[in-house]
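Below is one structure; the comments refer to it alone.
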Amino acid sequence: METIADFEIKYSQFLDPEGEPQETLPAFARDPEELRAMYRSMLLTRIFDAKAVNLQRTGKLGTYASCLGHEASHVGIGAAMRPEDCLAPSYREYGTMLWRGVGMHEILLYWGGDERGSDFAGPRHDFPFCVPIATQCLHAAGAAMAYKLRGEPRCAVSVNGDGGTSEGAFYEALNMAGAKQLPVVFMVINNKWAISVPLELQTASRTLAQKAVAAGIPGLQVDGNDVIAVRHWVERALERGRNGEGPTLIEALTYRLSDHTTADDASRYRKREEVEAARKLEPLIRLRRYMNAQGIWDDKQEEALTRECIAAVDKAVERYVNTARAPVTAMFDYLFAELPASLREQREQAIRLDGNGAGH
Amino acid sequence: METIADFEIKYSQFLDPEGEPQETLPAFARDPEELRAMYRSMLLTRIFDAKAVNLQRTGKLGTYASCLGHEASHVGIGAAMRPEDCLAPSYREYGTMLWRGVGMHEILLYWGGDERGSDFAGPRHDFPFCVPIATQCLHAAGAAMAYKLRGEPRCAVSVNGDGGTSEGAFYEALNMAGAKQLPVVFMVINNKWAISVPLELQTASRTLAQKAVAAGIPGLQVDGNDVIAVRHWVERALERGRNGEGPTLIEALTYRLSDHTTADDASRYRKREEVEAARKLEPLIRLRRYMNAQGIWDDKQEEALTRECIAAVDKAVERYVNTARAPVTAMFDYLFAELPASLREQREQAIRLDGNGAGH
Amino acid sequence: MAALTLIEAVTLALASEMARDERVIVLGEDVGVNGGVFRATAGLQQRFGAERVQDTPLAEAMIAGVSVGMAAHGMLPVAEIQFDGFVFPAIDQIINHAARLRTRTRGRLHCPMVLRVPYGGGIHAPEHHSDSPEALFAHMPGVRVVIPSSPARAYGLLLAAIRDPDPVIFFEPKRIYRLQKQEVADSGEALALDVCYTLRDGDDVTVVTWGAMTYETLKAADRLATEGIGCEVIDVATLSPLDADTIIESVEKTGRLVIVHEAPRSFGAGAEIAAVVAERAIYSLRAPIQRVTGYDTIMPLFRLEMEYMPGVERVISGIRATLKD
Amino acid sequence: MAALTLIEAVTLALASEMARDERVIVLGEDVGVNGGVFRATAGLQQRFGAERVQDTPLAEAMIAGVSVGMAAHGMLPVAEIQFDGFVFPAIDQIINHAARLRTRTRGRLHCPMVLRVPYGGGIHAPEHHSDSPEALFAHMPGVRVVIPSSPARAYGLLLAAIRDPDPVIFFEPKRIYRLQKQEVADSGEALALDVCYTLRDGDDVTVVTWGAMTYETLKAADRLATEGIGCEVIDVATLSPLDADTIIESVEKTGRLVIVHEAPRSFGAGAEIAAVVAERAIYSLRAPIQRVTGYDTIMPLFRLEMEYMPGVERVISGIRATLKD
Ligand SMILES: Cc1ncc(C[n+]2csc(CCOP(=O)(O)OP(=O)(O)O)c2C)c(N)n1
Ligand SMILES: Cc1ncc(C[n+]2csc(CCOP(=O)(O)OP(=O)(O)O)c2C)c(N)n1
Ligand SMILES: [Mg+2]
Ligand SMILES: [Mg+2]
């Protein structure tokens, strides 16, 4: 027997949980402004997230999927992307979306049951939240195909979870992107859990990065709690894409510190100790420690930033709660470019019955 | 960066195209009876196949998918399996099915447009032909799950092509089988073409065996024109399955020497030279050469066997052509265990209209 | 005998049949330790073990396809699809395999599987969690589509579905999972499939419905009863194959037909019921058939969902419309 | 102007629109060098290159999903699904994404894609190659379902489908791909979507059909004409959204309705047409509606397929049945 192919999967971390650099930091990470901007974004995300959970608990928001613990993975992706790149998120990547310009009130609108949340101000070409798991990987490949065909130096980035790597759509997207050498980056946010299903039950694969091998594309694992590692490798993957070198799969190792969504009770299926251990690795602490050590961040700044973030979140919440319900006609008016004749009567009926105990 | 996982894909060949042994042959291959049995099966398959193509050309059969060139891969699988194992084939594995006891006339019935071909005498638990690509991989995983749950020492074997490795169902099956450590063997018959799509357009993956890496299961490539290699490694994989060691992916490298089906004209999309080169590697010659060299096969035996196979094929063809059309009631009588009341009238109508220009 | 909600009745039926028949295997996403996102399988893994109650990887085509394989090989898989909006990847395995394994092999193999699908709106769920795709499956010869609308029918029909030797898509109206309790005995007795259940007799109009809409319909019937209008309310229960006879008989009596469902109107399951009646009982009809349904639009996110779904008022106006003539 | 078969008209429309608009991209299995297994894309790759006519890997969910992504980003993908029986893995992307991208984003993104699907029986094809799943797509708000039944309509409707800013499932009746030639000018002129085409006027009975069944229906109408029976034959063409007005108008004139389709009857697209008429024109009906359709069984392998599919005789008896009353 001869060996005809071999592969290795690498892992990268720049800052360890203590905030100690493990390798020479990439250029952007030596610029204090850059670090502070990412830290700001992570903190804003966290404060926003906590507020959203709270809104749900108090009946002001529908089911909400918290991103607690994912801030570095999400912000790292956002910071690496250019505005003209395209994001195809799942339902949790607030850090990425906020960085890219989606409004917090828009995210709240979405989880508040209002489609206008997906008509966001952020990059108008980004895909909206995607709930059907891993289907967005194909959209990213399609967008990348469009860029490639038009010769535009842009990339698409899809994001899905560890559970999402079990869906056929995920592999089909990887394989297609490999076959066509598309400018796309597939991010897998491995937070160890798919609702109640732990990674060991999801797959026998030791890493999720190695799923790239099946498609003949590069795959790599990074510390998803290290925003520097995430940003650096996503930037490199995007460069590869723009240079016509094809797709990349990046697995970001992190942990879902929250319940799956506000409709979930994770204590039913996972041990508190596991969560506590994971909490020690969370992403904000380590970047703050590093910045503190570098003398580019102090408690006063932290306090000021926290206040600023809270104010921004409060403003967004106010805007959200003050948004009147959309008219019932909205159900009809965006179905097709023009309302088909056959729907006119139904539209009239909906107007007539609006609020009139119709569905109640 | 540290390397956290590595993989290698191996290739195995026992007999080279000249029939020269490259490694010590496995035990079964040192038994002349075993070799002759496999050779007989390959020759029978080839003669049957040529006849079927011919029947189609003369209007006595519907579209037919030739297996020319695949004989070693198919017979190797059949010879490795036990009767109680379960085959989930695609639409081309006549060599496997004949070995397992499916009748040639049954295969003809199927391609002749008669469902009774799938009600075959061969292992009654085997799945029928499967046209929707790669869907059968999941059936094999399901059967394997049943065996595992009941503690039966049996395995399921699915077979699909190179093109089939692009379907989500293929990966989902691999991943599931890995996660649950199911007794299943996934055979990928890489014949280089999926209708008109060559392997290079199908995937960027260098081998198809490496697709196993994505599922965390063993994958290996064998010379699919070497029946000894195929049988040996499938046997080993089946043993692993029976011993509770989980699934295996085996890529068998061969070549589709025929058109995709009788409805296809491969000269539209591939070079004659490529086909001619591949023909030199075909599986029957090499086993015959080896057996000749070993003095366990000669021209007289070849001639006798050919005559015997032709006679057997002719008999099956006769049985096939003499099979009267099924009654129209057959459409209704196998839909559910019992005919629902709502269908009685339709069934009566079909009887009434039978042959009466109904659909003409 | 205990007062159970519809979802508790589902759990009870699963437990009951698992205890009775060890070929029954529950599988799906989060059905194990977590007991399902709706808790339909709560406690089953603890009781029957992780082999008989299996958390699967996240892949619906796989769940369906593996169920086909298991069912063909002697097991009785009861698979859960987490929400209506995620059943679509499973369609290929259902229509191309589950539905036709018996036909394709002339009965050599068959496919006794159940696919449980919580469906429908009205629970303020996120996007893609409120669809009603029953009509797609009803148009697949070879599968049964069964929809319970009360705890007792959930218990009895699920037992029947599991015992049925052919594939059953079992849609569970999630909006009424916990709406009302009903005494349900763990009798082990299945209810009949392929028949409608008449929930209320009436002479003036026949109202045919299923799932969560039975509640709106019964409320409408109550209201109209106070005006002396008698609604005969029929719960289709097995949508396919359809028991048209019961509906026809009722229409022959009342002369009027209203069909109520939550799914979009056009090409919905209500169309078949209207069509059958237009074919077989047109001379009995004293007024045009009315369909009271969801609009032909995308099920909106939840701030608008109650404007989308037919409620009591819409059902009442539909009924009144047939009484005008 | 040349006499073209239906499939040649498809090819012509593709070539014409590709030349006119460089955003049009053809993709699918074997559509490149091979020109498609039916040759619908023959010559296109040679003419427009391998970027604009792309052979994809073998994965239908991928083909649909990648098309959604391309369509949302400024391209006009025209994807081919090789046969009806393989469209099912694509359903998830169509119903969950293509159909609702505009609604979900309130018009920020939309999805101008076409999914071409050769469909139907009658060509002695292998298993899973002869299905008629149009009803499944017709029940998805947000997608159009368009089915041509002549070379001219294939050309004009396909142009319209490609130019339409929303997703279109374009079912091509493969049985009549090469049945008849018709003069088709490469005028670049699209035909109207969302309207029925009346193929033949008549006063006695309205016969509504689509796809390959238009031929059987027209033949039946010819035969009945010799007896002095006038059939008004309507080709629905755009099945969804349905132009019910044209059908209603005709039924108001004729008082009789027969619906002919190849797919299984129950919960098929014919049910919607019957239902709409039963709702809106019941007082015009002088006889029960008749549906002449495939049986509610699995489309059989080809030795029995002609016994499954409605043919001229079955259409004629359906029509006669409505004339009895
Ligand atoms: C196709 C599909 N199936 C099931 C679900 C229900 N569901 C929502 S999230 C989830 C788990 C996802 O896990 P993972 O991919 O790891 O992402 P995470 O939630 O951890 O970010 C499931 C099963 C869904 N949204 N889509
Ligand atoms: C789901 C599905 N899509 C498309 C087809 C049409 N089709 C039949 S065979 C084939 C190519 C298969 O290639 P491969 O998997 O390499 O198997 P081979 O025919 O070479 O044995 C295609 C596209 C199909 N049968 N099923
Ligand atoms: Mg996860
Ligand atoms: Mg092949």
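Residue numbers begin at 1 in each chain, while the letters A, B, ... track the order of the sequences.
For D:Leu27, no part lies under 4.5 angstrom from a heavy atom of chain A. Contact of A:Ala143 with chain D is made through backbone and side chain together, with heavy-atom distances under 4.5 Å. A:Ala337 touches chain D through backbone and side chain together, each having a heavy atom under 4.5 Å away. There is no contact between A:Ala156 and chain D, counting heavy-atom distances below 4.5 Å. Residue contact with chain D, scored on non-hydrogen atoms closer than 4.5 Å, involves the side chain of A:Cys86 exclusively.
At least one side-chain heavy atom of D:Pro141 sits under 4.5 Å from a side-chain heavy atom of A:Leu335. A 4.5 Å side-chain heavy-atom check between A:Leu138 and D:Val68 finds every atom pair outside the cut-off.
Put simply, of A:Pro128, A:Pro340, A:Ala88, the one with the most heavy-atom pairs under 4.5 Å next to chain D is A:Pro128. Interface check for chain A: of the options D:Leu109, D:Val276, D:Leu193, the most heavy-atom pairs under 4.5 Å are formed by D:Leu109. Among the candidates D:Cys111, D:Pro89, D:Ala59, D:Pro77, the residue making the largest number of heavy-atom pairs closer than 4.5 Å to chain A is D:Ala59. The candidate from A:Ala179, A:Ala144, A:Pro132 with the greatest count of non-hydrogen atom pairs under 4.5 Å with chain D is A:Pro132. Comparing D:Pro112, D:Ala71, D:Ala244, D:Gly65 by heavy-atom pairs within less than 4.5 Å of chain A, the highest count is held by D:Gly65.
Heavy-atom minimum distance, A:Gly142 versus D:Met70: O-CG, 3.2 Å. Minimum heavy-atom separation, D:Ala72 to A:Phe127: CB-CE2, 3.7 Å.
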Heavy-atom donor-acceptor pairs under 3.5 Å, chain A with chain D:
from, atom 1, to, atom 2, distance (Å)
A:Glu115, OE1, D:Arg106, NH2, 3.0
A:Ser118, O, D:Arg108, NE, 2.9
A:Ser118, O, D:Arg108, NH2, 3.0
A:Arg124, O, D:Arg108, NH1, 2.6
A:His125, O, D:His73, NE2, 3.1
A:Asp126, O, D:Arg108, NH1, 2.7
A:Asp126, O, D:Arg108, NH2, 3.1
A:Phe129, O, D:Arg104, NH2, 2.4
A:Thr135, O, D:Gln93, NE2, 3.3
A:Thr135, OG1, D:His97, NE2, 2.8
A:His139, NE2, D:Gln93, OE1, 2.7
A:Tyr147, OH, D:His73, ND1, 2.9
A:Arg150, NH1, D:His73, O, 2.6
A:Arg150, NH2, D:His73, O, 3.0
A:Glu172, OE1, D:Met62, N, 2.9
A:Lys180, NZ, D:Gln54, OE1, 3.1
A:Lys180, NZ, D:Asp55, O, 2.5
A:Tyr334, O, D:Thr103, N, 3.2
A:Tyr334, O, D:Thr103, OG1, 3.1
A:Ala337, N, D:Asp166, OD2, 2.7

